[in-house]
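The block underneath contains the structure these notes are about, expressed in structure tokens.
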Amino acid sequence: MAEDLVLDTAIRNWVLVPLSVVMVLIGVLRYFVSKLMRSPQTLDAKIVREGQLIIRARNLRAAGGFIPVKSFRARRFYYTNEENGLLHVPKGQAQNPQAQMFSDPNMAMDMMKKNLSMIVPQSLTFAWVNFFFSGFVAAKLPFPLTPTFRSMLQNGIDLSTVDVSYVSSRSWYFLNLFGLRGLFTLILGEENAMDDTQRMMQMGGFGADPSKNLSAEKDGLDIFQHEWTISKMEKRAEDVLRKLVK
């Protein structure tokens with residue numbers, strides 16, 4: 001049977017609360033530092049044009065039922081034909097995001113700054129937590145868990161008899177590291193709040209290939225089946241009127 005522990009209130013006051021507050025302050029400070037280090041962005045006309053093209057193609061799929069099938073096929077051919085279709089990307093002309101990054105020094109510098117703004121603060125914070133708070137049982141979760149969560153929640157504590165719901169200080173650091181997106185959304189706004197999980201996923205990538213988006217949208221239009229919506233408008237209007245009368 002797992003043993004229950006009585007946590008000292010001093011651990012809450014000098015470990016749990018300071019660690020959480022420091023993680024929040026570091027996240028906010030890192031956002032403003034990365035904003036100051038960011039180079040001015042210039043919009044690429046080609047990227048903007050391709051983005052608008054994808055939006056138009058998606059609108060055609062979403063509202064294609066409101067135009068006759070002949071008009072829909074003409075528009076689909078305009079987008080997807082193999083000769084000069086707007087969504088057709090000829091073989092050999094697809095952009096390589098990695099080569100594009102190395103050809104643009106500003107993009108490579110921005111990515112390096114973004115990675116450094118994440119790696120350096122988190123490395124220093126983890127060293128601080130590991131040096132001062134290693135070995136503490138910081139909190140207890142209000143719900144039971146299976147033993148499979150022990151390695152995730154009790155990092156740094158080698159006690160197999162302790163209940164799994166107890167969280168070590170080192171594990172509390174990781175929980176805050178990957179779970180503060182909701183709080184950052186309230187502080188910084190939805191567009192500026194990004195948790196460290198997403199940042200780590202972006203570190204290994206060099207950006208999305210726009211040609212893949214065009215090809216995916218082209219395939220979506222090719223397999224889209226037109227269904228004339230106007231013929232069913234009378235039935236829908238009748239159903240709406242019946243609901244209003246009731």
Side-chain angles (χ1 to χ4, degrees), residues 31 34-35 37-111 113-115 118 181-182 184-237 239-240:
Y31 161 72
S34 62
K35 189 175 181 180
M37 296 173 60
R38 192 180 308 160
S39 303
Q41 300 291 331
T42 57
L43 294 178
D44 190 352
K46 183 178 180 182
I47 296 177
V48 175
R49 184 168 59 251
E50 290 176 348
Q52 293 296 323
L53 180 61
I54 291 175
I55 293 176
R56 289 166 55 192
R58 289 175 180 174
N59 290 338
L60 177 60
R61 281 196 299 161
F66 294 96
I67 59 177
V69 60
K70 185 177 179 181
S71 300
F72 173 79
R73 289 176 179 175
R75 287 170 171 80
R76 182 170 62 181
F77 180 80
Y78 176 69
Y79 284 114
T80 63
N81 72 88
E82 300 293 336
E83 295 181 359
N84 55 357
L86 298 181
L87 294 176
H88 177 64
V89 180
K91 294 183 179 180
Q93 295 187 10
Q95 297 180 356
N96 187 351
Q98 184 174 355
Q100 183 181 4
M101 191 203 74
F102 286 114
S103 63
D104 188 357
N106 292 329
M107 187 182 298
M109 185 63 67
D110 287 341
M111 181 163 291
K113 290 178 181 179
K114 187 183 299 184
N115 292 339
M118 187 197 74
R181 175 176 172 79
F184 288 146
T185 302
L186 296 176
I187 299 175
L188 304 175
E190 180 66 30
E191 296 181 356
N192 301 321
M194 180 183 295
D195 57 22
D196 291 282
T197 310
Q198 294 174 299
R199 289 191 174 94
M200 288 185 176
M201 292 175 63
Q202 290 183 355
M203 286 176 57
F206 298 98
D209 188 356
S211 62
K212 292 183 179 180
N213 296 330
L214 295 176
S215 300
E217 195 62 35
K218 176 181 177 298
D219 296 338
L221 270 178
D222 285 334
I223 64 176
F224 182 79
Q225 298 295 327
H226 181 271
E227 184 179 356
W228 183 235
T229 307
I230 305 300
S231 61
K232 302 179 181 178
M233 292 301 294
E234 294 182 359
K235 177 62 176 174
R236 293 183 179 180
D239 295 338
V240 172

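Basis for what follows: all heavy atoms, side chains included, without hydrogens, waters or symmetry-related copies.
In this structure Glu234 satisfies the salt bridge (charged side-chain N to carboxylate O under 4.0 Å, His left out) test with no other residue, sequence neighbours excluded. Partners of Asp222 according to the salt bridge (charged side-chain N to carboxylate O under 4.0 Å, His left out) rule, which considers only residues two or more places apart in sequence or in another chain, are Lys218. The ring-ring contact (aromatic ring centres under 6.0 Å, His included) search around Phe72 returns Phe224, His226, not counting sequence neighbours. Under the side-chain hydrogen bond (donor to acceptor under 3.5 Å, both in side chains) criterion, Gln52 pairs with no residue at all, not counting sequence neighbours. The side-chain hydrogen bond (donor to acceptor under 3.5 Å, both in side chains) check on Asn81 picks up Asn84, with sequence neighbours excluded.
Residues Tyr78 and Leu86 form a side-chain contact, since some pair of their non-hydrogen atoms from C-beta on lies under 4.5 Å apart.
Atom CG of residue Asp219 and atom CG of residue Leu87 lie 9.5 Å apart, to the nearest 0.5 angstrom. With values rounded to the nearest 0.5 angstrom, Ile230 atom CD1 is found 10.5 Å from Ile67 atom CD1. Between the OH atom of Tyr79 and the CG atom of Leu221 there is a distance of 8.0 Å, given to the nearest 0.5 Å.
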Practice task
Show the numbers, then the answer: is there a side chain to side chain contact (heavy atoms under 4.5 Å, CB included) between Leu53 and Arg49?
Solution key: CA-CA 6 Å; Leu53 180 61; Arg49 184 168 59 251; 5.7 Å; no
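Across all non-hydrogen atoms, the minimal contact from Asn213 to Ile54 is CB-CD1, 3.5 Å.
Under the salt bridge (charged side-chain N to carboxylate O under 4.0 Å, His left out) criterion, the residue pairs touching residues 56-78 are Arg58-Glu217, Arg61-Glu217, with sequence neighbours excluded.
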